[in-house]
Amino acid sequence: MTVLGTSTYQETTYVWDDGERIRRHRSALFPVALDAWLAPERFLVLLTPDSTAHANWRQLEAHLGERAQPVPIPAGKSEAELWQIFDALVAAVPEQAELVLDVTHGFRSLPLFAAVAALVLRQLRGVTIQRILYGAFEARDRERDETPVFDLSPLVDLAEWSSGIEALERSGDGRLLAARIQATHSDLYRKQAPELPRQLAGVGNKLGALSQAVWLNRPLEALAAAHQLDQQLATAQEELARWTPPFAVLAERVRAEIAPLAHPNPEQLDEGNLRAQLELIGYALGKGLVLQAVTLAREWLVSWYLWRTFPELRPSWLQRESRQRAENELNALQQQLRDGSPLLHALPERRIAEVWDQVTQLRNDLAHCGMRHDRSTPDRVTRRARELVTELATLLQ
């Protein structure tokens, strides 16, 4: 996809270093150089009414023949016309196409629209954006009359990084970022770069593992992944800054966020483990993962009560029999609370019974998808979940 205006384009030697070899071609029209280098199956040429009647189009059409397909666009003199250009860009490219975008002879804001359209095409049409190229005539070497060609494809990659960062920040979903980090690592090895990273793949793997564990409500795996990711980030700072600058800006904030979740041995029940799991509940809630936070809160309370009341069962705290014993006692306290037992009223266990009762009710409401006549509203569920996290922290103190 290229564009032609009505300017008088000067002949120059376009020079493109594509990372594998240096290409040169002399022409006044940059699409002619692209044809020599890439030989595309089809050229989609964006043309305003003035451009359609201009000699530039006639010259390019004569060179390309039937491969030149005109795509009429308005001049872009209003916001409405800018959106018409955007629609034309998106509509002209078939699904699953492999596309090179040329913005060399573009005008006004067209290069920006082309980059945004590339994102839409990639997301909604399955289009592969191979390159976004720009022949920078204003940056030419006047003595040699050579014009450098810049690959602006990183603009699209940067948008992907931005989407990944937003997903991690908003919902704790680091899968997009993990995929980008791992892809960067693989690309460098595939291209046999002079210097190769050692830590990038590990950062991507652990970030992905942490996100998966949080979303699937696997606290032991989440605590272990947080510990490993924290260590990976500590040793990969130089590589991140060099090869994944968008994530490098975020890395220290990620470390600060996951450090409280980290535990070197999450299968060992101790106070540090309980605190890390409590932090995980708060982390999930802060990312909008209310269902995960509440269901984990219920299991956390069982683990805490077992740790507090049955020290002899701590080594076997993950066995069903041990957890059932703690649950049975909590259920008994809950029943006494509901029966209005005067004995329970005078004991510290009353507070435990109240929290257990609140947690189980909220958890059941969520687990059964609100299929009950006395279900809580979504806003109330979120509010109660926040209150419960504070109450759980009080129990641990």
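Keep in mind that what you see is a predicted model, and the values were worked out from it rather than measured.
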For salt bridge (charged side-chain N to carboxylate O under 4.0 Å, His left out), just list the numbers for Glu327 and Arg323, CA-CA rounded to whole Å, side-chain angles, deciding distance to a tenth of an Å, and then say yes or no.
CA-CA 6 Å; Glu327 288 179 20; Arg323 301 188 70 78; 5.0 Å; no
Could you note down all residue pairs passing ring pair (Phe, Tyr, Trp, His ring centres under 6.0 Å) where residues 4-35 supplies at least one of them, sequence neighbours left out?
Tyr9-His105, Tyr14-Phe30, Trp16-Trp37
Tracing side-chain links under 4.5 Å among I, L, V, M, F, W and Y, which residues wind up in one group with Val15?
Ile22
Got a list of side-chain donor-acceptor pairs under 3.5 Å for residues 363-371, not counting sequence neighbours?
| residue | atom | partner | partner atom | Å |
| --- | --- | --- | --- | --- |
| Asn364 | ND2 | Thr360 | O | 3.2 |
| Asp365 | OD2 | Ser376 | N | 2.8 |
| Asp365 | OD2 | Ser376 | OG | 3.4 |

Are side-chain N/O atoms of Arg140 and Thr13 paired as donor and acceptor at under 3.5 Å?
no
Strictly by modelled atom types, are Ser51 and Thr6 linked by a side-chain donor-acceptor pair under 3.5 Å?
no
Who pairs with Arg338 by side chain to side chain donor-acceptor pair (under 3.5 Å), at least two apart in sequence or on another chain?
Asp357
Going from NE2 on His263 to CG on Asn265, what distance comes out if it is rounded to the nearest 0.5 angstrom?
6.5 Å
Are the charged groups of Glu160 and Arg180 less than 4.0 angstrom apart, N to O?
yes
Applying side-chain contact (heavy atoms from CB on, under 4.5 Å), can you list everything that pairs with Glu387, at least two apart in sequence or on another chain?
Arg383, Arg384
Looking only at side-chain N and O atoms, does Ser211 offer a donor or acceptor that is under 3.5 Å from a partner on Asp173?
no
Can Ser322 and Ser316 be counted as having a side-chain donor-acceptor contact under 3.5 angstrom?
yes
Gap between atom CG of Leu301 and atom CG of Leu306 - 0.5 Å precision
11.5 Å
Sort and list the pairs that fulfil ring pair (Phe, Tyr, Trp, His ring centres under 6.0 Å) and have at least one residue in residues 68-89, not counting sequence neighbours.
Trp83-Phe86
Looking at residues at least two apart in the chain, or sitting in another chain, which of them share a side chain to side chain donor-acceptor pair (under 3.5 Å) with Thr52?
none
When you check the side-chain N and O atoms of Lys206 and Gln232, is any donor under 3.5 Å from an acceptor?
no
Pair listing, ring pair (Phe, Tyr, Trp, His ring centres under 6.0 Å) test, anchored in residues 165-203, at least two apart:
His185-Tyr189
Does a salt bridge link Arg170 with Glu166, judged by any charged N lying under 4.0 Å from a carboxylate O?
yes
Is the shortest distance from a Lys or Arg side-chain nitrogen in Arg242 or Glu239 to a carboxylate oxygen in the other one below 4.0 Å?
no
Strictly by salt bridge (Lys or Arg N to Asp or Glu O under 4.0 Å), give each pair with a member in residues 256-272 just once, sequence neighbours left out.
Glu257-Lys287, Glu271-Arg275
How would you list all residue pairs meeting side-chain hydrogen bond (donor to acceptor under 3.5 Å, both in side chains) that involve residues 125-137, not counting sequence neighbours?
Glu98-Gln130, Arg131-Asp151, Tyr134-Glu138
Test item: side-chain donor near acceptor, Asp145 and Thr12, under 3.5 Å
yes
Could you name each residue pair satisfying salt bridge (Lys or Arg N to Asp or Glu O under 4.0 Å) that touches residues 49-69, not counting sequence neighbours?
Asp35-Arg67
Arg351 atom CZ: more than 12 heavy-atom contacts under 6.0 Å
yes
Residues Arg308, Glu349: salt bridge by 4.0 Å N-O rule:
yes
With rounding to the nearest 0.5 angstrom, report the CG to CD distance, Leu330 to Gln335.
13.5 Å
Which residue pairs pass the ring pair (Phe, Tyr, Trp, His ring centres under 6.0 Å) test with at least one member in residues 194-226, sequence neighbours excluded?
none
What is the distance from atom CD of Gln334 to atom CD of Glu329, rounded to the nearest 0.5 Å?
14.0 Å
Does the side chain of Gln182 come under 3.5 Å of the side chain of Asn205 through a donor N or O and an acceptor N or O?
yes
To the closest 0.5 Å, what do you measure between CG (Leu285) and CG (Leu289)?
8.5 Å
